[in-house]
Amino acid sequence: MTLTRLTKELDNLNKNDGDGVLILSNHTVVWNLYLTCGKLLYATSEVHPVRRWDRALKQHCPNWNWGVDFSQLSKDLPWECHILAQGISQRQLSAIQAKLVIRNIVQECFFELNSYADFRIDWQPRQKQIWHLSMVVIPLSSWEILSVVNKATNMQQKWQAAGLGHLNPTVAPVFKPGVEPQALPILEKYLNSQFTLWDIASEQEKSVIEVTLSLIPSVEKGILEFQNIPDLQIPTVKQTVAATLPQLKTQSTKFTQKQPLIACIDDSPVLAHTLKKILIPAGYEMLSIPEPMRGFSQLIEHKPDLILLDLLLPNADGYSICKFLRDTPVFKETPIIILTGQNTPIDRAHASLVGATEFLGKPPQPQELLYIVQKFLG
């Protein structure tokens, strides 16, 4: 089975507002896809669910010390959903961060799913009241599922084209017995049977394809080999209480920005450079975000005073991003200025409907840009 067939199954469930668990299985692996009102709430698999969770949190919520109280869990939802809901209710992470964590995990699951050819599909419906946490952790809509499927499919195609189809990123590179450590493309600490290819790629902020290809020559020379390693242990609530205390102290001494911060969500480095030349001399700081889905955690961390948002973004729709930001409490009152070369009455009306504050032609003229910024920030 490919992701094309899975997409059709999810699309049918979306049209019928399905609530339940879609179980995909073959003779070796089982995946569970949790849906509510036809939207994808979460995905789990039997292989390294904690490692996958840990990687997503390190990317989008690196300062969150989480733990599981197993006495509070429900058999109808994975423990990860309970933790996300708890984190949001306690204001330890935002709705955007929760959604990004879900996207990362689903994308990895879909990538691994796409490497298998045959699956059995079972649908287990649930009563709607069971999904009481789903409105908190923000499930993925149909267009978001399609975006994740496309990314996973593209990644799997590149993985196969690179000649890596015989490998799974869940394996770990380690030194072969009796081999002396020597110069390698990655640090020796990643070769101690503690890091999978997924883990190393996340730690080094590289693609898993790039990391794996860099290690293949060492494997062919007999220096390294790939091994299966166990999953991480789930930390309990008691284990994280002590770890939280020093973190609070660190956060209390965090530097507070004095100058207004402006975030620019645009994939053009030329425009980012142009904006910096205009804004920084005028007394503003600027945060450049070329890829919106990866940059949401930066928005949450820095909480900019104003956001400049391009409409034409890679793998994203500027109008949808604007509405998503506006629906998030953190950015409910933040001025969002739309940047676009399509400055028509229809575009302005659409921008207004999704909560945009102002509309600015692209590339912006210095005086016009500063006028609008000063209008809202002074």
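Heavy-atom basis, side chains included; hydrogens, waters and symmetry copies ignored. As the structure is a prediction and not an experimental result, all values here were calculated from the model. For the single chain, residues carry numbers from 1 onward in sequence order.
- Between V29 and E46, the shortest heavy-atom distance links the atoms CA-OE1, 3.8 Å.
- Put simply, L339 and Y371 are part of the same group of oily side chains (I, L, V, M, F, W, Y) that touch within less than 4.5 Å, one to the next.
- Taking CD1 from I102 and CG from L140, the interatomic distance works out to 6.0 Å, rounded to the nearest 0.5 Å.
- Distance CD1/I289 to CG/L299: 3.5 Å, rounded to 0.5 Å.
- Shown here for L279 and L308, the closest heavy-atom pair between the two residues is CD1-CD1, 4.4 Å.
- At a cut-off of 3.5 Å, with distance as the only test, a side-chain donor of S141 or E144 sits close to an acceptor on the other residue.
- A chain of hydrophobic side-chain contacts below 4.5 Å, direct or via other Ile, Leu, Val, Met, Phe, Trp or Tyr residues, connects L309 to V330.
- The shortest distance between side-chain heavy atoms of E203 and K58 falls below 4.5 Å.
- In this structure, the separation between CG on L167 and OG1 on T170 is 9.5 Å, given to the nearest 0.5 Å.
- Residues passing the ring pair (Phe, Tyr, Trp, His ring centres under 6.0 Å) test with W198 are F111, sequence neighbours excluded.
- A salt bridge is defined here as a Lys NZ or Arg NE, NH1 or NH2 lying under 4.0 Å from an Asp or Glu carboxylate O, and D54 with R52 fails to meet this definition.
- Residues V211 and Q204 form a side-chain contact, since some pair of their non-hydrogen atoms from C-beta on lies under 4.5 Å apart.
- Taking the six-membered ring for Trp, Y190 and F195 have ring centres closer than 6.0 Å.
- Under the 4.5 Å side-chain criterion, counting only non-hydrogen atoms from C-beta, F175 is not in contact with E225.
- Taking hydrophobic clusters as Ile, Leu, Val, Met, Phe, Trp and Tyr residues chained together by side-chain heavy-atom distances below 4.5 Å, V106 shares a cluster with W123.
- Between T212 and the options V219, L197, I200, V171, a side chain to side chain contact (heavy atoms under 4.5 Å, CB included) holds for only L197.
- Here the closest heavy-atom approach between residue D305 and residue P260 is recorded as OD2-CA, 3.3 Å.
- Here the shortest heavy-atom pairing between S147 and R103 reads OG-NH2, 3.4 Å.
- A heavy-atom distance below 4.5 Å is not found between the side chains of E301 and L287.
- Without hydrogens or angle criteria, D231 side chain to R51 main chain gives a donor-acceptor distance under 3.5 Å.
- Between L40 and Y34 there is no side-chain heavy-atom pair separated by less than 4.5 Å.
- Here the straight-line distance linking atom CD of E358 with atom CG of L306 works out to 10.0 Å at 0.5 Å rounding.
- Checked against R55 for a side chain to side chain contact (heavy atoms under 4.5 Å, CB included), the options V101, I105, D199, V50 give a single hit: D199.
- Environment of CG in N12: crowded, with over 12 heavy atoms of neighbouring residues, nucleotides or ligands closer than 6.0 Å.
- Q97 places a side-chain N or O within 3.5 Å of a backbone atom of H60 that can act as its donor or acceptor partner.
- Rounding to the nearest 0.5 Å gives a distance of 8.0 Å between CG of L35 and CG of D19.
- The backbone N or O of G38 sits less than 3.5 Å from a side-chain atom of N14, completing a donor-acceptor pair.
- If you take NZ on K206 and CD1 on I186, they are separated by 9.0 Å, rounding to the nearest 0.5 Å.
- Here the shortest heavy-atom pairing between S193 and V174 reads OG-CG1, 3.1 Å.
- Between the side chain of W31 and the backbone N or O of L24, no donor-acceptor pair lies under 3.5 Å.
- Judged purely by distance below 3.5 Å, without hydrogens or angles, the side chains of W53 and E80 never pair a donor atom with an acceptor atom.
- Of the charged side-chain nitrogens involved, none lies within less than 4.0 Å of a carboxylate oxygen, so that K276 and E285 do not count as a salt-bridged pair.
- Panel note: side chain K99, backbone P139; a donor-acceptor pair is recorded below 3.5 Å.
- Side-chain atoms of L22 and L13, non-hydrogen and from C-beta on, do get closer than 4.5 Å to each other.
- Among all heavy-atom pairs drawn from R326 and V354, the shortest one is CB-O, 4.0 Å.
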